[in-house]
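Below: the structure, in structure tokens.
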Amino acid sequence: MELYGVEIASRLLLGTAQYPSPAILADAVRAARVDIVTVSLRRESGRLREGQDFWSLIRTLGIRVLPNTAGCHSVKEAVTTAQMAREIFATNWIKLEVIGEADTLQPDVFGLAEAARILSDDGFAVFPYMTEDLIVAERLIEAGCRVLMPWGAPIGSGKGLNNPFGLQALRAHFPDIPLVVDAGIGLPSHAAAAMELGYDAVLLNTAVAKAGDPVAMAQAFAGAVEAGRAAYLAGPMEARDMAAPSTPVLGRPVLAR
């Protein structure tokens with residue numbers, strides 16, 4: 001998988017929030033065998049030096065960091081946060097979130113497209129968190145995005161893929177754009193289903209961080225993503241409305257009564 005010119009081996013991306021301890025986070029990241037983790041910018045850390053042990057831990061894992069603008073509700077806030085993240089993490093990669101609705105954390109797609117254009121013009125490699133909308137996808141690509149990250153379901157809901165048809169349509173319309181299902185994944189089967197649709201990767205956080213055993217769950221998701229990708233490449237059979245016998249009728253002996 002290639003994202004903004006960088007080859008990435010793992011098709012699972014992992015968030016770093018809400019883990020019971022830094023040690024469990026580190027073990028889960030290793031068990032998931034990921035190459036990219038997302039991190040949110042804690043704006044108070046520059047003044048009080050808070051969170052420095054966390055950033056040190058992330059660096060020791062030797063993986064690429066994808067900062068995000070989590071919690072931003074306006075274009076100005078998201079752009080400013082992205083610029084601060086570039087200074088702190090020394091990367092032009094940014095997962096862009098512009099939240100428009102508090103209960104579902106649905107993206108403000110109008111603000112998202114505006115912020116994506118501003119950041120792309122400023123040299124950022126933008127990973128936009130979006131809905132599974134074809135027109136929004138077009139606008140984000142026009143704004144300079146080379147990766148799209150549609151949600152599966154609301155953040156942290158664990159509902160899986162709420163709109164498989166919409167996700168499938170997005171894949172069909174943009175065959176050459178890397179697509180990453182982001183948010184709402186609750187089970188390894190959800191991740192496998194996303195990969196079976198032809199998606200390039202899955203990003204998740206809560207499903208691992210809040211599991212009874214985050215390390216074991218991280219390992220399960222790693223296997224599910226690999227299985228889903230392998231199934232997609234193998235060419236799954238088409239679903240049917242009627243039964244189809246696995247043993248052919250032709251040539252079957254007919255017994256006289």
Side-chain angles (χ1 to χ4, degrees), residues 1-4 6-40 54-55 57-68 70 91 93 95 127 129 147-162 164 167-168 170-171 177-236:
M1 178 173 64
E2 189 172 293
L3 304 176
Y4 286 102
V6 178
E7 289 189 2
I8 305 296
S10 173
R11 294 178 181 271
L12 176 62
L13 289 68
L14 200 61
T16 54
Q18 306 182 74
Y19 286 82
S21 72
I24 291 176
L25 165 61
D27 288 343
V29 168
R30 295 187 185 101
R33 305 190 299 276
V34 297
D35 294 326
I36 299 173
V37 294
T38 62
V39 295
S40 60
F54 172 78
W55 308 137
L57 169 64
I58 295 298
R59 285 193 295 269
T60 61
L61 293 172
I63 50 183
R64 181 175 286 270
V65 169
L66 175 60
N68 67 35
T91 178
W93 281 23
K95 179 191 169 188
F127 295 69
Y129 164 62
V147 176
L148 300 176
M149 304 181 75
W151 66 349
I155 293 172
S157 67
K159 289 182 174 295
L161 308 184
N162 272 356
L167 292 171
Q168 212 165 11
L170 202 63
R171 177 73 287 174
I177 296 291
L179 299 179
V180 181
V181 170
D182 174 20
I185 299 296
L187 295 169
S189 58
H190 298 158
M195 299 303 293
E196 288 166 4
L197 290 178
Y199 273 68
D200 295 279
V202 171
L203 192 161
L204 55 95
N205 185 171
T206 310
V208 170
K210 291 298 186 180
D213 185 339
V215 178
M217 187 62 79
Q219 190 172 22
F221 270 106
V225 166
E226 291 177 1
R229 179 64 179 177
Y232 170 72
L233 294 176

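Along the sequence shown, residues carry numbers from 1.
By the salt bridge (charged side-chain N to carboxylate O under 4.0 Å, His left out) test, R33 pairs with E226, sequence neighbours left out. For N205, the side-chain hydrogen bond (donor to acceptor under 3.5 Å, both in side chains) criterion is met by no residue, not counting sequence neighbours. The side-chain hydrogen bond (donor to acceptor under 3.5 Å, both in side chains) test applied to R171 returns D200, not counting sequence neighbours. Residues meeting the side chain to side chain contact (heavy atoms under 4.5 Å, CB included) test with A191, sequence neighbours left out: I185, V202, F221, V225. Not counting sequence neighbours, D35 has no partner by the salt bridge (charged side-chain N to carboxylate O under 4.0 Å, His left out) test. Taking the side-chain hydrogen bond (donor to acceptor under 3.5 Å, both in side chains) definition, one finds that W93 meets it with nothing, sequence neighbours left out. Applying the side chain to side chain contact (heavy atoms under 4.5 Å, CB included) test to P22 and every residue at least two apart in sequence or in another chain returns L57. Residues meeting the salt bridge (charged side-chain N to carboxylate O under 4.0 Å, His left out) test with R64, sequence neighbours left out: none. Shown here are the side chain to side chain contact (heavy atoms under 4.5 Å, CB included) partners of Q219, two or more places apart in sequence or in another chain: A31. For the side chain to side chain contact (heavy atoms under 4.5 Å, CB included) test, residues two or more places apart in sequence or in another chain that qualify with L187 are S189, H190.
Of all non-hydrogen atoms in G228 and M195, the two that sit nearest each other are C-CB, 3.5 Å. Taking each heavy atom of L203 and V180 in turn, the nearest pair found is N-CG1, 3.8 Å. For the residue pair P214 and A211, the shortest heavy atom distance occurs at CD-O, 3.5 Å. Smallest separation of non-hydrogen atoms from A32 and L14: CB-CD2, 4.2 Å. Closest approach of A17 to A209, counting heavy atoms only: O-CB, 3.3 Å. Nearest heavy-atom pair, P150 versus Y199, reported as atom, atom and distance to 0.1 Å: CG-CE2, 3.8 Å.
The list of salt bridge (Lys or Arg N to Asp or Glu O under 4.0 Å) pairs with a residue in residues 210-221, not counting sequence neighbours, is empty. Residue pairs meeting the salt bridge (Lys or Arg N to Asp or Glu O under 4.0 Å) criterion with at least one partner in residues 178-191, sequence neighbours excluded, are K95-D182.
Atom CZ of R229 sits about 14.0 Å away from atom CG of L12, to the nearest 0.5 Å. Note: I8 CD1 to I36 CD1 = 4.0 Å, rounded to the nearest 0.5 Å. Summarising the geometry, atom CG belonging to L148 is positioned 14.0 Å from atom OH belonging to Y129; distances are rounded to the nearest 0.5 Å. Between E2 atom CD and E7 atom CD the span is 6.0 Å, to the nearest 0.5 Å.
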Please determine whether side chain to side chain contact (heavy atoms under 4.5 Å, CB included) holds for the pair V39 and L66, giving the CA-CA distance in whole Å, both sets of side-chain angles, and the decisive distance to 0.1 Å.
CA-CA 6 Å; V39 295; L66 175 60; over 6 Å; no
For L161 and V181, what are the C-alpha separation, side-chain angles and deciding distance, and is it a side chain to side chain contact (heavy atoms under 4.5 Å, CB included)?
CA-CA 9 Å; L161 308 184; V181 170; 4.1 Å; yes
Given the rule in the side chain to side chain contact (heavy atoms under 4.5 Å, CB included) test, do W151 and N162 qualify, once you have shown the distances and angles that lead to the verdict?
CA-CA 9 Å; W151 66 349; N162 272 356; over 6 Å; no
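Taking the six-membered ring where the residue is Trp, the centroids of Y4 and F127 are separated by under 6.0 Å.
L61 has its side chain out of reach of V37: every pair of non-hydrogen atoms, C-beta onward, lies at least 4.5 Å apart. You'll find the side chain of P188 reaches within 4.5 Å of the side chain of M217, heavy atoms only.
Judged purely by atom type and a 3.5 angstrom limit, S40 has no side-chain atom pairing as donor or acceptor with the backbone of A70.
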